[in-house]
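Comments concern the structure below.
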There are 2 protein chains.
Amino acid sequence: MSDTRGTIRAVALELFSTRGYELTSLREIAERVGLTKASLYYHYPSKQALLLDLIQPLIDAWRATAEHAESLPHTEDNVRAVLRGCLDALLDNRPAAGLFVRDTAAVIAAIAPVWEELLTLNRQLFTWLAGPRPSAADTIRAIAAMEVLGGAISASLYLPGVTADDLRVPLLDSAAAALGLRRPSP
Amino acid sequence: MSDTRGTIRAVALELFSTRGYELTSLREIAERVGLTKASLYYHYPSKQALLLDLIQPLIDAWRATAEHAESLPHTEDNVRAVLRGCLDALLDNRPAAGLFVRDTAAVIAAIAPVWEELLTLNRQLFTWLAGPRPSAADTIRAIAAMEVLGGAISASLYLPGVTADDLRVPLLDSAAAALGLRRPSP
DNA sequence: GTCTATAAGAGGATAGAC
DNA sequence: GTCTATCCTCTTATAGAC
């Protein structure tokens, strides 16, 4: 198999995630893939296009979650379901999400329109989470609940090797509590 | 008054925070200050040194909080006090904290030792927060509680002009809840 | 303290042979 | 699809005059 494009994606995701986007040069990526810089340009028209290709699945998952949420009435069970949808979107795309979390400035600069869409989706999500006619504190707590889900990314920094299954229940309980819900459902 | 160094600090903090560290050149900073690039080097020996100077107050505040926590017995009131100490450290250093949050990769690369210290302090903090003999879930919830405090930084993205006083109580309640404490104290 | 001038190199991207 | 060679721009940083 010679899935060059796939190899490039894998190497780029690894390097962007560890060193950061701006600090990773196409030369480094090409070297690890076993190509020259010029050959990279056969597969991707620019460094930005490569980045975009990497984070597209995360964007899509995030949008799907936000759009699904909008269609649901704001009940306690649905709130939990939406939180879980967000968490799964992150857990299913951990490397890409980590890229966003640890390298926001560079990602914004490289692909501003995508960033704008993410902001909009986040706004939709926590507005829905805060419920109808929210107080200022409700809104802040909704933001806090989404911050908790970000623990899916940062936790592995402190607990190396922690799995998605380790994180799912504690983070969901924690996010629900941060939002102000009573104890977990069975 | 001709506090050139102070002006440089202010301009650099502003640019690093908005564009990101790697994407801000010394030329840009010099231009806005009204100096040449070369003159910057009279005041700071390197770009890294400038960055370090900007985030030092945050590091110091964070270390003070972590060290204070270690000296306290793990009671519910003390847990709230430590969460509040962390939150105030962030609120008192919002621009610098924002730099860390949105530009982690660049900051790590520029000043790795400082990053290592921050990781260690964070470890101390959430280990203390998780309490003695914590379960795996307790540790994850302690991490989640600290994530909530990070809302102090991200909230202004969605609620422009939100003040420290707007954030303090909801974020503390939310962090305490994320950690698993019962309702707030009066 | 601030300047001009320059070093020394890396970056992304392109042209065109094979 | 991959290569070699090159372009052009920008960067951090230094030397030395004023």
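A, B, ... follow the sequence lines: proteins, then strands. Residue 1 opens every chain. Source: prediction; values computed, not measured.
For the OP1/OP2 pair of C/dG1 and a distance below 4.0 Å, the side-chain nitrogens and oxygens of B/Y42 include at least one atom meeting the criterion. Dashed line: the shortest gap from a side-chain N or O of A/S25 to OP1 or OP2 of C/dA10 is not under 4.0 Å. For B/R27, no side-chain nitrogen or oxygen approaches OP1 or OP2 of D/dC10 to under 4.0 Å. At D/dT2, none of the side-chain N or O atoms of A/T36 fall inside 4.0 Å of OP1 or OP2 (strictly under the cut-off).
When rounded to the nearest whole Å, the span between CD1 of B/I29 and P of D/dA13 equals 11 Å. Distance, A/H43 NE2 to D/dT2 C1': 8 Å, rounded to whole Å. Nucleotide C/dG16 holds its C1' atom 17 Å from the OH atom of A/Y41, rounded to whole Å. Remark: P of C/dT6 and CG of B/L26 are 21 Å apart, rounded to the nearest angstrom. In this structure, the CD atom of B/E22 is 11 Å from the C1' atom of D/dT12, given to the nearest Å. Here D/dT12 presents its P atom at 8 Å from OH of B/Y21, a figure rounded to the nearest Å. In this structure, CG of B/D3 is placed 11 Å from P of C/dG1, rounded to the nearest angstrom. The nearest whole Å value for the distance from the NZ atom in A/K47 to the P atom in C/dT14 is 15 Å.
Nearest nucleotide to the B/A38 side chain, out of C/dG12, D/dA15, D/dT4: D/dA15. Each of C/dT2, D/dC3, C/dA13 was ranked by its minimum atom distance to the side chain of B/L35; first place goes to C/dT2.
Under the 30°/60° scheme for interplanar angles, the aromatic rings of A/W115 and A/F100 are found to lie parallel.
For the pair A/S39 and B/L23, both in contact range of DNA chain D, the more 5′-proximal nearest nucleotide belongs to A/S39.
The shortest side-chain heavy-atom distance between B/E76 and B/L181 falls under the 4.5 Å cut-off. B/R123 is listed as a side-chain neighbour of B/F126, based on a closest heavy-atom distance under 4.5 Å.
By the 6.0 Å and 45° rule, B/K47 does not stack over the aromatic ring of B/Y41.
Linking Ile, Leu, Val, Met, Phe, Trp and Tyr whenever their side-chain heavy atoms come within less than 4.5 Å puts A/I111 and A/Y44 in one cluster.
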